[in-house]
Amino acid sequence: MLHARVERTPYGETSEALFLTSGFVYDSAEQAAATFTGDAEHYQYSRFGNPTVDALQRRLADLEGAEACIATSTGMGAVSSALLSHVRAGDRVVASRALFGSCHWIIADLLPRYGVTTVFVDGGDMEGWDKALAEPTAAVLLESPSNPMLDIVDIAAISERAHKAGAIVIVDNVFATPVFQKPLELGADVVVYSCTKHIDGQGRVLGGAVLGRNDWISETLQPFTRNTGNALSPFNAWVMLKGLETLRLRVEAMARNAAGVADFLAETPGILTSRYPGRKDHPDYELAQKQMTGGGTLVAFETEGGQDGAFRFLNALNIISISNNLGDSRSLATHPATTTHMKIGAEERARLGISDGAIRLSVGLEDISDLKDDLARGAAAVRSGL
Ligand SMILES: *Cc1c(COP(=O)(O)O)cnc(C)c1O
């Protein structure tokens with residue numbers, strides 16, 4: 001996260017240089033020509049490659065244990081390019097049902113428009129996976145822990161089944177972060193990130209990344225991202241490089257806070273359930289222990305009193321902000337049923353276990369006692385309205 005494959009300019013700068021340039025100049029017409037035939041190594045244009053973006057890609061690849069990485073304009077740019085570059089009309093894609101809102105839209109609405117058959121499976125339903133993967137399949141997309149209820153999906157077991165069906169396995173690893181989960185080691189083929197979340201981690205810029213094998217990245221993904229324009233700004237890449245330097249420290253401290261918050265909420269009147277993958281009462285605790293090295297930075301819980309209770313809770317908070325973003329150094333809380341998961345409708349929400357009282361809390365770096373005071377304020381407001 002700090003030193004991997006540093007390339008310095010002749011000035012010997014300590015911090016990574018920022019190459020804020022769209023294009024590059026050549027010494028001669030011959031050099032330009034040789035660059036385009038591939039006989040000379042030279043940057044051509046920042047949509048194709050940029051030294052600051054390359055530095056981020058190298059470092060993310062080393063961190064993930066991946067052969068190669070392409071950084072994208074956003075996390076959704078990463079997910080959409082990974083899928084669209086790989087599939088053709090007539091292909092089949094299988095996905096876990098509990099997905100980030102826009103990922104759900106890509107599977108449910110976008111891919112079918114291009115002649116791709118898509119199938120959703122409940123993440124924990126192994127019979128469902130077996131059935132869905134009994135037919136030849138091009139790709140599997142899954143998210144673990146899932147948004148917003150933090151269900152855990154068995155990456156190793158599903159990768160094994162998916163490979164038998166001929167599919168590549170794409171894991172959205174945003175909630176786990178590269179600190180707590182390594183999907184490639186569990187058998188997945190491709191990992192995608194919204195770097196907007198923990199990797200920047202300070203709520204400043206958008207960005208994404210796709211990581212995988214050299215041949216797939218260079219032959220399948222790269223021609224797609226280069227020619228469709230899914231490029232990360234060098235400025236954003238530079239901000240992400242700064243974020244990476246403190247990623248482990250931040251995420252581990254946030255996870256300690258999250259564990260403390262989950263324990264506190266579990267004993268607080270006004271709160272019905274508190275869900276955290278690192279707590280023994282999480283329904284998938286054993287599996288979380290097997291495939292993650294930490295519980296993550298998010299907590300999901302349910303207030304008494306349905307939507308009214310949840311709104312009273314959120315409106316009473318002083319320190320924790322109401323925001324649908326996550327992975328920030330500041331604690332952020334959202335009511336999924338009326339924000340991130342509003343569009344999927346009540347029936348699909350019920351299927352995913354997202355109740356009207358559910359709140360997703362992204363736990364930040366505040367002092368734990370300040371967070372507990374704030375949560376107690378929220379819980380008292382829930383009770384006062386009952
Ligand atoms: C935020 C997020 C995305 C999308 O990332 P953007 O950078 O907002 O485009 C995808 N998946 C998960 C799990 C996310 O949290």
Side-chain angles (χ1 to χ4, degrees), residues 53 56 60 64 69-84 95-110 123 139-153 155 169-181 183 188 190-211 225 228-233 235-237 239-240 243-244 247 251 254 258 277 292 296-300 323-328 330-334 336 339-344 352 354 360-364:
V53 176
L56 177 67
L60 286 173
E64 195 66 40
C69 171
I70 287 188
T72 54
S73 57
T74 63
M76 283 323 301
V79 175
S80 62
S81 286
L83 281 167
L84 289 168
S96 55
R97 190 179 298 283
L99 291 177
F100 184 75
S102 295
C103 299
H104 194 275
W105 181 82
I106 287 176
I107 301 291
D109 295 296
L110 182 69
V140 166
L141 173 69
L142 64 89
E143 191 180 304
S144 182
S146 71
N147 180 38
M149 298 312 292
L150 312 178
D151 302 317
I152 309 293
V153 182
I155 298 172
V169 176
I170 304 170
V171 175
D172 183 335
N173 205 38
V174 169
F175 275 42
T177 81
V179 175
F180 293 134
Q181 183 166 272
V190 175
V191 179
V192 289
Y193 286 106
S194 165
C195 301
T196 315
K197 311 295 167 56
H198 304 83
I199 291 173
D200 171 18
Q202 289 145 89
R204 298 164 294 192
V205 297
L206 299 172
V210 186
L211 299 112
T225 52
T228 59
N230 189 0
L232 181 66
S233 153
F235 179 78
N236 290 9
V239 173
M240 302 293 182
L244 271 186
L247 176 68
V251 166
M254 288 155 79
M292 297 173 75
T297 68
L298 287 116
V299 179
S323 171
N324 47 281
N325 197 8
L326 63 97
D328 196 290
R330 294 164 183 78
S331 292
L332 305 174
T334 196
T339 62
T340 55
H341 291 70
M342 180 262 293
K343 285 215 178 87
I344 63 171
L352 294 172
I354 306 170
R360 184 195 75 194
L361 175 62
S362 171
V363 183

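We count residues from 1, following the sequence as given. Just so you know, ligand 1 is whichever comes first in the structure, and atom 1 is the first atom listed for that ligand.
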Pairs under 3.5 angstrom, nitrogen or oxygen on both sides, ligand 1 versus protein: list them out, please.
| unit_1 | atom_1 | unit_2 | atom_2 | d |
| --- | --- | --- | --- | --- |
| ligand 1 | 5 (O) | S194 | OG | 3.0 |
| ligand 1 | 7 (O) | G75 | N | 2.8 |
| ligand 1 | 7 (O) | S194 | OG | 2.8 |
| ligand 1 | 7 (O) | T196 | OG1 | 2.7 |
| ligand 1 | 9 (O) | G75 | N | 3.1 |
| ligand 1 | 9 (O) | M76 | N | 2.8 |
| ligand 1 | 11 (N) | D172 | OD2 | 2.6 |
| ligand 1 | 15 (O) | K197 | NZ | 2.8 |

note = salt bridge (charged side-chain N to carboxylate O under 4.0 Å, His left out) filter on D172, not counting sequence neighbours, yields none
message = For R360, give me all partners under salt bridge (charged side-chain N to carboxylate O under 4.0 Å, His left out), at least two apart in sequence or on another chain.
response =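 R360 satisfies salt bridge (charged side-chain N to carboxylate O under 4.0 Å, His left out) with no residue once adjacent residues are dropped.
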ask   = Among N325, N324, T339, which residue meets the side chain to side chain donor-acceptor pair (under 3.5 Å) test with T334?
value = T339
task = For S102, check side-chain contact (heavy atoms from CB on, under 4.5 Å) against everything at least two apart and list the hits.
result = M76, F100
request  = Could you tell me whether the side chain of S331 reaches within less than 4.5 Å of the side chain of V363, counting heavy atoms only?
outcome  = yes
query = Under 4.5 Å between any side-chain heavy atoms of I354 and P148, yes or no?
reply =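 Contact flag for I354/P148 side chains = yes.
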